[in-house]
Amino acid sequence: MSDNQNITYQHDGDNPRSLCSNCRENKKLMVYDWLGDVPENVGECDYVEVQFKNTRKGYYLNDQNLDLHKGDMVAVEGNPGHDIGEVTLTGYLVHMQMKKCNYHFDDPTATKHVYRLATSADMEKYYEAKSKEQATMLQSRQIAEGLGLEMKIGDVEYQGDGQKAIFYYIADGRVDFRQLIKDLAAAFHIRIEMKQIGVRQEAGRIGGIGPCGRELCCAKWMTKFNSVGTAAARFQDISLNPQKLAGQCAKLKCCLNYEVDCYMEAIKDIPNKDIVLQTLDKDYYFFKQDILARTVTYSTSKDGPFNLVTIPASRAFEVYGMNKHGHKPERLAQGEDEEVDMRPEFSDGVGDEDLTRFDRRRKHNKNRNRNNHNNKNHHRKNNDQSPRNDNADQEAKDQ
């Protein structure tokens, strides 16, 4: 819906809602209400979750007992004036989200109220304010550049009544923007609020598609950004390649933390890499491991893959226990557990990635076309000779 579009919003029970209360949500960072189809769920909590532009959310007290549902546009308490947002969650799950966000229930100053369902006049002011955001952002960038500030204004969000605007900026260090606030207030005649965001929040605001083929987690559902270190990649035996580990925000991918706990739990069943397993004829050194499969591959040389043998981790602990008591088994593996790998093999789920696969097919097709061409010439030659022989026989008979 464009910013300049005039809409009418009825203040009754038939308010149009942008979302269905029982279906999957399509709004960014919206929580799926799995209790939405339970009638008793509506009155379980006096608070409602209201979402504004981008990822900004707030929890407001519905002390007037308005019949609010997901998708309703409401006028809520602002500072100063009022703001316009969309109800994205109601019922018992609101209380759980408030606890998750460490909401201060005991602080009366933190409680804000829902004023009313947004009227047509409220929506006209709302869209009028929203139509100024792009021009305000471009002009504010010029003002910040003129002051020589090392910062980037990434977005501007006007309050629903147009009395205040939030300027989201990105900066590597501390920025003295006191003069910037004065210049912005003089240029736009509104109340200015500066809010610093990181590169991850900026990537979530812009959105995009990750290398997994799905929408970015920071743009879809993540609300809290935990620190990600290279130790998470080491635990999962991922190659420490910065180009593959970095996301679109140029930071380490958040998904590196998703499975690290599982790997840390499974690695307890894998023997240490410094352990040397001894048999009657050879000593075996650690080469590689498959943590989730709980298998370890050993080599007879420290310098490379020589006579690789893959055994279960339980067998490695068993051999190590025998070595501690002064015993050496005849073989490292037992029976069907032995798997000798002279060279690691890799498989690609996409298919054959050999660059010459098209050349082989082309060569095969070329030979087949050449054979077909030769056969056609051979048949044509035989056909051409046949009439000549018939004519020669006819001439011989005439003579």
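Met151 and Ile197 fall into different hydrophobic clusters, where Ile, Leu, Val, Met, Phe, Trp and Tyr are joined by side-chain heavy atoms under 4.5 Å apart, directly or via other members. When hydrophobic clusters are built by joining Ile, Leu, Val, Met, Phe, Trp and Tyr residues whose side-chain heavy atoms come closer than 4.5 Å, directly or via intermediates, Met194 is grouped together with Ile190. Note: the hydrophobic cluster containing Ile170 does not contain Leu138 (ILVMFWY, side chain heavy atoms under 4.5 Å, direct or indirect links). Residue Ile311 is not grouped with residue Phe317 when hydrophobic side chains (ILVMFWY) are merged at heavy-atom distances under 4.5 angstrom, including chains of intermediate members. Criterion: ILVMFWY side-chain heavy atoms under 4.5 Å apart, direct or through other members. Under it, Ile192 and Ile153 are part of a common hydrophobic cluster.
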| message | Go through it in stages, so that I can follow the logic: the residues are Gln278 and Met322, the test is side chain to side chain contact (heavy atoms under 4.5 Å, CB included), and I'd like the CA-CA distance, side-chain angles, deciding distance and then a yes or no. | response | CA-CA 9 Å; Gln278 299 176 347; Met322 297 173 62; over 6 Å; no

| request: Could you check Val199 against Lys251 for side chain to side chain contact (heavy atoms under 4.5 Å, CB included), going step by step and ending with a plain yes or no? | output: CA-CA 8 Å; Val199 291; Lys251 300 292 184 179; 3.7 Å; yes

| query | After noting the C-alpha distance and the side-chain angles of Ser301 and Tyr285, does the key distance pass the side chain to side chain contact (heavy atoms under 4.5 Å, CB included) rule? | reply | CA-CA 7 Å; Ser301 175; Tyr285 303 90; 5.8 Å; no

| message | Is there a side chain to side chain contact (heavy atoms under 4.5 Å, CB included) between Thr88 and Val50? Walk through the geometry before answering. | response | CA-CA 6 Å; Thr88 54; Val50 181; over 6 Å; no

| field | Derivation of the salt bridge (Lys or Arg N to Asp or Glu O under 4.0 Å) call for Lys125 and Asp161 | value | CA-CA 6 Å; Lys125 292 183 180 179; Asp161 56 359; over 6 Å; no

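Side chain of Gln51 to backbone of Val87: no donor-acceptor contact under 3.5 angstrom is found. Without hydrogens or angle criteria, Asn257 side chain to Ser227 main chain gives a donor-acceptor distance under 3.5 Å. Side-chain N or O atoms of Lys53 include one that pairs as donor or acceptor with a backbone N or O of Val156 at under 3.5 Å. Checking side-chain atoms of Glu133 against main-chain N and O of Ala129 turns up no donor-acceptor pair under 3.5 Å. One N or O on the side chain of Gln201 and one on the backbone of Gly198 form a donor-acceptor pair closer than 3.5 Å. Between the side chain of Gln248 and the backbone N or O of Ile209 there is at least one donor-acceptor pair closer than 3.5 Å. The backbone N or O of Gly154 lies less than 3.5 Å from a partner atom in the side chain of Arg205, making a donor-acceptor pair. Asn62 contributes a side-chain N or O that, together with a main-chain N or O of Leu66, makes up a donor-acceptor pair within less than 3.5 Å. Side-chain atoms of Lys112 do not come within 3.5 Å of backbone N or O of Gly58 as any donor-acceptor pair.
Here the straight-line distance linking atom CD1 of Ile84 with atom NE2 of His82 works out to 4.5 Å at 0.5 Å rounding. Distance check: Asp183 CG to Leu147 CG gives 5.0 Å after rounding to the nearest 0.5 Å. Rounding to the nearest 0.5 Å gives a distance of 6.0 Å between CD of Glu259 and CD of Gln236. The distance from atom CE of Met96 to atom CG of Leu89, rounded to the nearest 0.5 Å, is 10.0 Å. Note that CD1 of Ile267 is 9.0 Å distant from CG of Asn272, once rounded to the nearest 0.5 Å. Distance check, rounded to the nearest 0.5 Å: CG of Asp63 to OH of Tyr47 gives 9.0 Å.
Taking the side chain as every heavy atom from C-beta outward, Phe286 and Val296 approach each other to under 4.5 Å. Residues Leu292 and Cys262 meet the side-chain proximity criterion, which asks for heavy atoms closer than 4.5 Å. Here the side chains of Pro271 and Tyr298 are in contact, with some heavy-atom distance below 4.5 Å. Side-chain contact between Tyr284 and Ser299 is absent, with no heavy-atom pair separated by less than 4.5 Å. Between Glu202 and Ile206, the closest side-chain pair of non-hydrogen atoms falls below 4.5 Å. Between Leu240 and Leu245, some side-chain heavy-atom pair lies under the 4.5 Å cut-off. Side-chain contact between Val228 and Arg200 is present, with at least one heavy-atom pair separated by less than 4.5 Å. In this structure, the side chains of Leu256 and Val260 stay at 4.5 Å or more apart for every pair of heavy atoms.
Taking all atoms of both residues into account, the shortest heavy-atom contact from Ile270 to Thr295 is CD1-N, 4.5 Å. Closest approach of Pro329 to Arg315, counting heavy atoms only: CB-NH2, 4.0 Å. Contact between Cys218 and Ala203 at its shortest, heavy atoms only, is SG-C, 4.0 Å. Contact detail for Gln159 and Pro80: the closest heavy-atom pair is NE2-O, 2.6 Å. A pairwise comparison of heavy atoms in Leu180 and Ile143 identifies CD1-CG2, 3.8 Å as the closest pair. Considering every non-hydrogen atom in both Val175 and Glu150, the closest pair reads CG2-O, 3.9 Å.
Counted within 6.0 Å of CD on Glu145, heavy atoms from surrounding residues, nucleotides or ligands total 12 or fewer; the atom is thus considered open. Taking a 6.0 Å sphere around CZ of Phe225, one finds it holds more than 12 heavy atoms contributed by other residues, nucleotides or ligands.
In this model, no donor atom of one side chain and acceptor atom of the other lie less than 3.5 Å apart for His325 and Asn323. Between Tyr158 and Thr136, the side chains place a donor N or O and an acceptor N or O closer than 3.5 Å (distance only, hydrogens not considered). Side-chain N/O atoms of Tyr168 and Glu157 include a donor and acceptor closer than 3.5 Å. In this model, a donor atom of one side chain and an acceptor atom of the other lie less than 3.5 Å apart for Thr297 and Thr310. With hydrogens and angles left out, the side-chain atoms of Ser239 and Asn241 include no donor and acceptor closer than 3.5 Å.
The pair Asp122-Arg116 counts as a salt bridge, with a side-chain nitrogen and a carboxylate oxygen less than 4.0 angstrom apart. One finds a salt bridge joining Arg56 and Asp83 here, because a Lys/Arg side-chain nitrogen approaches an Asp/Glu carboxylate oxygen to under 4.0 Å.
Ring pair Tyr103/Tyr59 is perpendicular by interplanar angle, where above 60° counts as perpendicular and below 30° as parallel.
Ring to ring, Tyr169 and Phe177 are close: their centroids are under 6.0 angstrom apart.
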